[in-house]
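Convention: sequence-line order gives letters A, B, ...; per-chain numbering from 1. Just so we're clear, the structure is a prediction, and the values are computed from it rather than from any experiment.
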2 protein chains.
Amino acid sequence: MDTSRLLTELQSKANFPDADFPAFLDLFEPLTLKKKQHLYRSGEVIRHVCFVVRGCLRHYYANEEGIERIIFFAEENWWVGDIVSFLERKPTNLNLQAVEDCDLLVIDRNNFDHALKNFPGFLEYYQKGTQKTYTKLQEQVGQSLSDTAETRYLRLLKERPALLQRIPQHYIATYLGITPESLSRLRKKLACE
Amino acid sequence: MDTSRLLTELQSKANFPDADFPAFLDLFEPLTLKKKQHLYRSGEVIRHVCFVVRGCLRHYYANEEGIERIIFFAEENWWVGDIVSFLERKPTNLNLQAVEDCDLLVIDRNNFDHALKNFPGFLEYYQKGTQKTYTKLQEQVGQSLSDTAETRYLRLLKERPALLQRIPQHYIATYLGITPESLSRLRKKLACE
DNA sequence: AAAAAGCATTGACCTAGGTCAAGAAATTAC
DNA sequence: GTAATTTCTTGACCTAGGTCAATGCTTTTT
């Protein structure tokens, strides 16, 4: 597993000294997931937060009628986990499933606290990341309310073109809030234009 | 202005000693807004975060075509402000407007930092609040994608019945992501059932 | 008290996207 | 390499919600 990705990621957004990395990495456990495997499901209390070294996962709600709503796709260099469940020890409402075979680095609550306390570079990285995610979510709320499926699809195509190459189309549809059929028709329409 | 509301709010969610309150309150400035007045608009850098003592405001995006998307209504005991713009000194994309005459307590960046450092009860309150807001946003993303306008309206009616009494209906429509006409028809339909 | 502005309602009509069903392609498993 | 799943596409039809325009009902303003 290529753990150096984690260092590269930390250094791209915060000031994290090379020398700290071995001790920092020790706080994590490597974990691999097979395609379609779940890391957790709604109702569980999340004990770990993960860094994605390789692969891709989907983070989604599933309601009573079996309708799934993907809220985001985690690819390489992303963190994933329900931070609230993790910090407050409450059952999560989310589900996390590997869309491809994945390599993850997972850290539990104690080690996470320890990392925030003892690695100032990580604290900086964490705080910046939290803020960014928060803004993204806020924008997503605004957009999902008033943009058409076409607008949302074109935005995704522009912002994450590589994602569309690796994710089955019906998951993309669920993420956009439309049916697979509608996405298929939408793509056909766009191809003709 | 009834500043004791702030103390009550802090104590309802964190451990905040009465004795600390006078010094804490000193970090804020009172501010009143007339109905329809804006506290800020898209493009400005937010210098303050506000606690709502009395009144109600709407926090919204406005896109190029003049379409507005309300992401939330702040009522008494809520905090409002674009935390990312505030912390990172970046221009905000949001607009904040009073829906009624409002009494606010505003705190600037320096005082906010000071408060987090020197009042542990406030830090506790802040961290809990941030997490909660984050979860709420995540849920909102899932819901706005797949729920019908009717479902969203009924949920709002259940969760914030008092809000519907004080806010003009066309704002509620914008919050739900539908037109005022559609909301009017939806309400008519529900009244008949 | 009258005029003006802002809101809510209603009707006629339109469109994006949903639903259900059937095949075609593409993967995966044996 | 064939069978079994999954995934994607297409067609026929339906519905929630949008658009535009007209008409009252409330608040404000003067």
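- A donor-acceptor contact under 3.5 angstrom links the side chains of A/Arg187 and A/Tyr153, judged on distance only.
- For B/Glu181, taking side-chain heavy atoms from C-beta onward, the closest of the listed nucleotides D/dT10, D/dA21, D/dT6 is D/dA21.
- In summary, contact between chain A and DNA chain C, defined as any nucleotide atom under 4.0 Å from a heavy atom of the protein, begins and ends at C/dG17 to C/dT28 in the 5' to 3' direction.
- A/Gln169 has no side-chain polar atom (N or O) that falls below the 4.0 Å cut-off from OP1 or OP2 of D/dT6.
- Side-chain atoms of A/Ser144 and B/Ser144 form a donor-acceptor pair, as typed in the model, at a separation below 3.5 Å.
- Following rounding to the nearest Å, A/His170 (NE2) and D/dT6 (C1') show an atom-to-atom distance of 8 Å.
- Nearest-nucleotide positions on DNA chain D for B/Ile178 and B/Lys35 put B/Ile178 closer to the 5' end.
- No side-chain donor-acceptor contact under 3.5 Å links B/Thr133 and B/Thr130.
- The residues B/Glu76 and B/Arg5 are annotated as not salt-bridged, no charged nitrogen and carboxylate oxygen being separated by less than 4.0 angstrom.
- In summary, of the residues considered (A/Phe51, A/Phe72, A/Phe73), a ring pair (Phe, Tyr, Trp, His ring centres under 6.0 Å) with A/Trp78 occurs for A/Phe72 alone.
- Taking the six-membered ring for Trp and thresholds of 30 and 60 degrees, B/Phe122 and B/Phe112 have ring planes more than 60 degrees apart, a perpendicular arrangement.
- Both B/Pro168 and B/Arg185 lie near DNA chain C, and the one whose nearest nucleotide falls closer to the 5' end is B/Pro168.
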